[in-house]
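Reading through the structure tokens given below for one structure.
Counting from 1, the numbers follow the sequence of the chain as shown. Keep in mind it's a predicted model, so treat the numbers as computed, not measured.
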Amino acid sequence: MNMTTYETSSRLRVLTRMGFWGNLIGGLLLPWAIMLVVEVAVHQVPFVRAWRSFTLHLFAPGYNFFLIGLLTAVPFVILAVLILLHLGTAPLQDPLIPRRRTLGLAGAGLGMLVLAGWTHLEVLLHPDAQGALAYLYLPVILLASMPIGYGLGRVIARTLLPRPSV
């Protein structure tokens, strides 16, 4: 194993771990962070009071913020496992393959992040009696958007990282 292959392997391992843990933790914390930001920034509630209200409603019937976090996290956990399997098995002989896979997975993650964030903001900023149903459909929508985001990321990777002519 030469030095460039070792450096590529080391960077790929770090990138895989960061993507894995970032998706696991970020997917769970995303809705809770948005809830706190909306309370503080939009409703002008002091942070200490918003935090206290949030912790009281974490498992409260009718609110159950913990369940909302888990429902949102499920697609991100699946993406984290895909990152582990897809980047962890990338061949190092051709450095173009891991780069394209990375951009594809980044496209999937970014698309899911934007869609989940937008959905949570819409539900919190425009409360409705049926608004909570969005939390039930959100995991399905995020799972359906994952291959679309991956495909867009791969198309961008193919455009930005063309195969070198032999």
Side-chain angles (χ1 to χ4, degrees), residues 11-88 99-157 159-161:
R11 271 189 272 142
L12 189 59
R13 278 197 309 266
V14 168
L15 186 64
T16 303
R17 287 182 187 139
M18 285 176 45
F20 177 79
W21 288 109
N23 272 291
L24 283 181
I25 295 168
L28 184 63
L29 296 181
L30 176 71
W32 301 340
I34 291 173
M35 288 175 188
L36 284 170
V37 167
V38 166
E39 282 295 308
V40 172
V42 176
H43 299 135
Q44 304 295 318
V45 175
F47 181 77
V48 175
R49 201 168 89 198
W51 178 257
R52 178 74 178 141
S53 174
F54 171 77
T55 56
L56 287 174
H57 293 114
L58 199 56
F59 295 102
Y63 292 94
N64 208 340
F65 292 162
F66 185 74
L67 182 61
I68 293 169
L70 284 181
L71 285 173
T72 303
V74 168
F76 287 98
V77 168
I78 293 170
L79 180 62
V81 171
L82 285 175
I83 288 172
L84 222 94
L85 296 175
H86 204 51
L87 282 183
R99 289 180 183 151
R100 286 185 175 174
R101 286 184 181 182
T102 300
L103 284 175
L105 290 166
L110 185 62
M112 289 171 53
L113 183 68
V114 167
L115 191 57
W118 177 72
T119 302
H120 285 291
L121 277 174
E122 282 295 315
V123 168
L124 292 170
L125 293 177
H126 306 289
D128 187 345
Q130 288 81 27
L133 291 175
Y135 294 132
L136 295 176
Y137 294 115
L138 184 60
V140 176
I141 293 169
L142 291 177
L143 286 173
S145 73
M146 192 183 313
I148 296 167
Y150 181 83
L152 288 173
R154 288 298 292 247
V155 166
I156 291 170
T159 305
L160 295 177
L161 305 170

Practice prompt. State, with a plain yes or no, whether a side-chain heavy atom of L124 is found less than 4.5 Å away from one of V42.
Written response: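 A side-chain contact under 4.5 Å is absent here.
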Value rounded to 0.5 Å, distance of [atom1] in [X] from [atom2] in [Y]:
X	Y	atom1	atom2	result
Y63	I68	OH	CD1	11.0 Å
L15	L87	CG	CG	6.0 Å
L143	I78	CG	CD1	4.5 Å
I141	M146	CD1	CE	13.5 Å
L121	M35	CG	CE	11.0 Å
L70	L28	CG	CG	6.0 Å

Item to complete: Begin from the C-alpha positions of H120 and Y135 and carry the test side-chain contact (heavy atoms from CB on, under 4.5 Å) through to its verdict.
Response: CA-CA 8 Å; H120 285 291; Y135 294 132; 3.0 Å; yes
Practice prompt. From the options V77, I83, L79, L29, select the one residue that forms a side chain to side chain contact (heavy atoms under 4.5 Å, CB included) with L24.
Written response: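 Only one option passes, and that is V77.
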Shortest non-hydrogen contact from [X] toward [Y]:
X	Y	value
F54	L36	CB-CD2, 3.9 Å
H86	Y150	NE2-OH, 2.6 Å
N23	A80	CB-CB, 3.9 Å
A134	T119	CB-CG2, 4.0 Å
R52	T55	O-OG1, 2.9 Å
G69	P31	CA-CG, 3.7 Å

Item to complete: Could you go through the side-chain contact (heavy atoms from CB on, under 4.5 Å) check for T72 and L138 one step at a time?
Response: CA-CA 7 Å; T72 303; L138 184 60; 3.9 Å; yes
Discussion item. Evaluate Q44 against E39 for side-chain contact (heavy atoms from CB on, under 4.5 Å), listing each step before the verdict.
Written reply: CA-CA 6 Å; Q44 304 295 318; E39 282 295 308; over 6 Å; no
Discussion item. When you measure from the side chain of S145 to the backbone of L142, do you find a donor-acceptor pair of N or O atoms at a distance under 3.5 Å?
Written reply: yes
